[in-house]
2 protein chains.
Amino acid sequence: MYSKELLKGTLRTVVMELLARNEKMYGYEITQKVKELTNGKIVITEGALYPLLHKLEADGLVSIEKVAIGKRIRKYYSLTDNGSSTAQQLVEEFADFVATMKLIIDPPAQPGYGTAIV
Amino acid sequence: MYSKELLKGTLRTVVMELLARNEKMYGYEITQKVKELTNGKIVITEGALYPLLHKLEADGLVSIEKVAIGKRIRKYYSLTDNGSSTAQQLVEEFADFVATMKLIIDPPAQPGYGTAIV
DNA sequence: AAATATACATAAGTTTTTTATGTATTGGTG
DNA sequence: CACCAATACATAAAAAACTTATGTATATTT
């Protein structure tokens, strides 16, 4: 579990992508799924997740369905239409960002004096 | 210039990687180089850069050389030995993080009933 | 019976970055 | 040559995004 600094800007992307792939999920399920998929490398804390889910709801990107499990209430979240397109955008932006970072970390070779482009 | 959310955890990585590739650079030069390399997609603001450079220095990851350019003083930063290994670590961590993110965005196919692994 | 896992939630504090300002020199252009 | 844009540094207030800590309660496993 060491991808902390980096995770900062990507929590929203991670959560929405999971919802895009799974129709409906509840908070705790999301934390477990992320742990499972990443072999424990990415761990979402509850203090970060729940406020985010509430914000996504306030922004109309997810809808809620409450389901009683025994005496407990579980809140299932699913993407709205708006949420679906946002999720797609976020994933695209992430891919683009990674490609952009690669330009810095692994810059294309400059054409020098000996390498005429014909 | 749209990679803002994502840039959050990567500023340190970007700056140190540039210093790793260039021996010595000054602040303004870093902002311009990043713009150039990324075709304007990543823009480092001065309000973020200068405090970071000062922190890197305080942490002993970079050393400073002041050079007078006319009446102006330019501050060249170079990585210390410690800084070099940190830079390398950061880049590795970023690569690892991207690989981990891929597990979520582009998860490996689950082996199902019809796909016995022999 | 006790410990662990499930399941939600919020609040205080930290870190990181944006936005806004400030100062000053240098180079180019009408 | 006056003015604007670019060069070059810097800091401070505010916002944003998380972490850490804490709280509550039910369900399951040992």
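These figures come from a predicted structure and were not determined experimentally. All values below were derived from every heavy atom in this structure, side-chain atoms included, with hydrogens, water molecules and symmetry-related copies excluded. Each chain gets a letter, A, B and so on, in the order the sequences are listed, and its residues count up from 1.
Contact record, B:Leu37 with A:Pro107: CD2-CB, 4.4 Å, taken as the closest heavy-atom pair. What you find for B:Lys75 and B:Tyr26 is that their closest heavy atoms are O-CB, 3.1 Å. Across all their heavy atoms, A:Leu90 and A:Met16 have their closest contact at CD1-SD, 3.8 Å.
Taking a 4.0 Å limit (strictly below) on heavy-atom distances, residues 15-24 of chain B does not reach DNA chain C anywhere. Of all the residues in residues 66-77 of chain B, B:Ile69, B:Gly70, B:Lys71, B:Arg72 reach under 4.0 Å from DNA chain C with at least one non-hydrogen atom.
Within a 6.0 Å radius of CD in B:Gln88, other residues, nucleotides and ligands contribute 12 heavy atoms or fewer. No more than 12 heavy atoms of other residues, nucleotides or ligands sit less than 6.0 Å from atom CD1 of A:Ile73. Around atom CG of B:Asp81, no more than 12 heavy atoms belonging to other residues, nucleotides or ligands sit under 6.0 Å away.
Between B:His54 and D:dC9 there is no side-chain N or O to OP1 or OP2 distance below 4.0 Å. Contact annotation: A:Tyr50 side-chain N/O to C:dC8 OP1/OP2 distance is under 4.0 Å. Between B:Tyr28 and D:dC9 there is no side-chain N or O to OP1 or OP2 distance below 4.0 Å.
At whole-Å resolution of the value, CD1 in A:Ile42 and P in D:dT19 are 11 Å apart. Regarding A:Met25, its CE atom lies at a distance of 14 Å from the C1' atom of C:dA7, rounded to whole Å. If you take OH of A:Tyr26 and C1' of D:dT26, they are 13 Å apart, rounded to a whole angstrom. Nucleotide C:dA7 holds its C1' atom 18 Å from the NZ atom of A:Lys33, rounded to whole Å. Summarising the geometry, the separation between CG on B:Leu49 and C1' on D:dT7 is reported as 14 Å, rounded to the nearest angstrom. If you take CG of A:Leu53 and P of D:dA17, they are 15 Å apart, rounded to a whole angstrom. In this entry the distance linking CZ of A:Arg12 with P of D:dA16 reads 11 Å, nearest Å. Put simply, CD1 on A:Ile44 is 16 Å from P on C:dA7, counting in whole angstrom units.
Comparing atom distances between the A:Glu46 side chain and each of D:dC9, C:dA9, D:dT19 picks out C:dA9 as nearest.
Shown here are the side chain to side chain contact (heavy atoms under 4.5 Å, CB included) partners of B:Thr80, two or more places apart in sequence or in another chain: B:Ser63, B:Asn82.
Both B:Leu49 and A:Met101 are members of a single hydrophobic cluster when ILVMFWY side chains are connected at heavy-atom separations under 4.5 Å.
Note on B:Leu11: only backbone sugar-phosphate atoms sit closer than 4.0 angstrom, heavy atoms only; bases stay farther off. When heavy atoms are screened at a 4.0 angstrom cut-off, A:Gly47 is found touching base atoms of the nucleic acid.
Of the possible donor and acceptor atoms, one in the side chain of B:Asn22 sits under 3.5 Å from a partner among the backbone N and O of B:Leu18.
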